Amino acid sequence: MTNPVVAVLGTGTMGAGMVRSLRRAGIPVQMWNRDPARAQALTGTGATAAGSPAEAVAGADVVLTMLFDADAVVDVLRQAAPPAGTTWLQCSTVGVEGADRTAALADELGLVLVDCPVLGTRQPAEQGALVLLASGPEHTRQGLAPVLDALGSRTLWVGEAGAGSRLKMACNAWLFMVTAGAAQSIALARGLGVDPADFLSAIAGGPLDTPYAHVKGAQMLSGEHPVSFGLTGAAKDARLIRAALRTAGVSDRLDAAVLATMDAAAAAVDDPAAVDVSAIVAGL
């Protein structure tokens with residue numbers, strides 16, 4: 001099977017890692033980013049940097065979007081205007097309403113939408129180890145297999161387009177509970193005069209353990225928060241989760257508390273766009 005040509009629109013923290021993973025698998029990549037320097041920095045992989053979204057999608061079999069939010073996705077796709085029949089692999093986290101908007105845009109432009117948000121941050125993106133929450137037409141699966149295999153360790157096909165974005169809300173809700181819970185326990189240990197590192201030691205290897213608590217907890221202990229999943233993006237996603245909870249008729253009390261803590265952390269740091277979600281500990 002000949003590898004499809006993939007146009008990657010958005011080469012930020014996640015998109016850059018995805019470009020590298022695609023190129024390691026020998027998949028041709030044409031890419032675009034609002035900041036041209038970020039795309040140019042990836043040309044050493046053999047990917048081609050384009051000057052516009054329309055240039056990036058020219059001749060592409062698959063258009064992959066990895067952008068900040070639904071507004072950015074819709075804006076960039078309209079600029080790109082891929083030919084009708086092109087497969088659109090929409091990987092950005094856009095929430096329930098955003099997923100509906102992308103579906104409407106796909107219908108308008110005659111694109112074949114595969115709604116496919118991902119689980120994982122910068123390192124899994126770089127390693128091709130993301131978990132892909134794919135939803136869309138069954139007939140797209142075979143053609144997309146080389147792309148999905150390059151990007152992820154697992155692909156879950158979860159139904160019609162839009163189901164992936166809905167599942168992503170449930171997954172991120174859990175992720176934020178773990179992050180906020182670790183932050184609270186570390187802050188509480190400090191406040192009570194015990195070593196917060198002992199909290200992580202206490203849960204290690206037991207039924208309450210999770211690797212994510214140790215990754216984020218280590219950053220909270222050190223006070224260093226290099227961006228893997230940025231605080232600003234996390235707060236955006238927490239707002240999408242709040243909207244999803246309300247749509248589902250489920251109480252948003254827990255998410256509201258996490259979001260309030262994220263907002264407090266953002267106010268406490270110099271540049272919320274430059275720190276990881278682990279900086280949520282600054283809001284406690």
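Being a predicted model, the structure only gives us computed values, none of them experimental.
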Open item on the list: Looking at Asp237 and Arg242, is there a salt bridge between them, counting it only when a charged N and a carboxylate O are closer than 4.0 Å?
Closed with: no
Task: Asp71/Arg101 salt bridge by N-O under 4.0 Å criterion - done: yes
- [ ] For Ser201 and Ala197, indicate whether the former's side chain and the latter's backbone hold a donor-acceptor pair under 3.5 Å.
- [x] yes
Task: Connected via hydrophobic side-chain network under 4.5 Å: Leu284 and Phe199 - done: no
- [ ] Answer yes or no: is there a donor N or O on one side and an acceptor on the other, between the side chain of Ser21 and the main chain of Leu151, under 3.5 Å?
- [x] no
TODO: Apply side chain to side chain donor-acceptor pair (under 3.5 Å) to Gln90 and Thr102, showing your working.
DONE: CA-CA 8 Å; Gln90 205 306 98; Thr102 59; 5.1 Å; no
TODO: Identify the heavy atoms of Gly162 and Ser135 that sit nearest to each other, and give their distance.
DONE: N-OG, 3.3 Å
Open item on the list: Leu22 vs Val8, test: side chain to side chain contact (heavy atoms under 4.5 Å, CB included). Steps then yes/no.
Closed with: CA-CA 10 Å; Leu22 290 168; Val8 177; 3.9 Å; yes
Task: Main-chain N/O of Thr45 paired with Arg23 side-chain donor or acceptor, under 3.5 Å - done: yes
Open item on the list: With side chain to side chain contact (heavy atoms under 4.5 Å, CB included) as the criterion, how do Met220 and Ile280 come out once you've worked through the C-alpha distance, each side chain's angles and the decisive distance to 0.1 Å?
Closed with: CA-CA 9 Å; Met220 295 172 193; Ile280 191 174; 4.3 Å; yes
TODO: Answer yes or no: is there an ion pair linking Arg24 with Glu126, defined by an N-O contact shorter than 4.0 Å?
DONE: no
Open item on the list: Could you report the tightest heavy-atom contact between Asp209 and Gly205, atom names first, then the distance?
Closed with: OD2-N, 2.8 Å
Task: Check: Asn33 side chain, Thr11 main-chain N or O, donor-acceptor pair, under 3.5 Å - done: yes
- [ ] Specify the closest pair of heavy atoms between Val118 and Met14, including all atoms of both residues, with the distance to one decimal.
- [x] CG2-CE, 3.9 Å
- [ ] Output yes when a side-chain donor or acceptor of Lys216 lies under 3.5 Å from a complementary backbone atom of Ala182, and no otherwise.
- [x] no
Open item on the list: For Ile27 versus Pro4, what's the shortest heavy-atom pair and its separation?
Closed with: CG2-O, 3.3 Å
TODO: I would like to know whether Leu105 and Leu77 meet side chain to side chain contact (heavy atoms under 4.5 Å, CB included); could you show each step before the answer?
DONE: CA-CA 9 Å; Leu105 181 59; Leu77 247 290; 3.7 Å; yes
TODO: Please name the pair of heavy atoms, one in Asn3 and one in Gly26, separated by the smallest distance, quoted to 0.1 Å.
DONE: ND2-O, 3.4 Å
Open item on the list: Side chains of Trp88 and Thr65 only: does a donor on one sit below 3.5 Å from an acceptor on the other?
Closed with: yes
Open item on the list: For a quick test of reading the model, state the closest non-hydrogen atom pair linking Leu67 to Ala72 and the distance between them.
Closed with: CD1-O, 3.8 Å
Open item on the list: For Val57 and Gln30: C-alpha separation, side-chain torsions, deciding distance, then whether side chain to side chain contact (heavy atoms under 4.5 Å, CB included) applies.
Closed with: CA-CA 7 Å; Val57 306; Gln30 302 165 181; over 6 Å; no
Task: Any donor-acceptor pair under 3.5 Å from Thr86 side chain to Pro82 backbone - done: no
Task: Ser228-Asp276 side chain donor-acceptor pair, cut-off 3.5 Å - done: no
TODO: Give a yes or no answer on whether the side chain of Ser92 reaches the backbone of Val94 with a donor-acceptor pair at less than 3.5 Å.
DONE: no
Open item on the list: Taking side chain to side chain donor-acceptor pair (under 3.5 Å) as the criterion, tell me which of Thr93, Asp115, Asp100 meets it with Ser165.
Closed with: Asp115
Open item on the list: Quick one: does any side-chain atom of Glu55 pair with a main-chain N or O of Gly51 as donor and acceptor, under 3.5 Å?
Closed with: yes
TODO: Check Asp255, Asp252, Asp263 against Arg239 for a salt bridge (Lys or Arg N to Asp or Glu O under 4.0 Å) and give me the one that passes.
DONE: Asp263
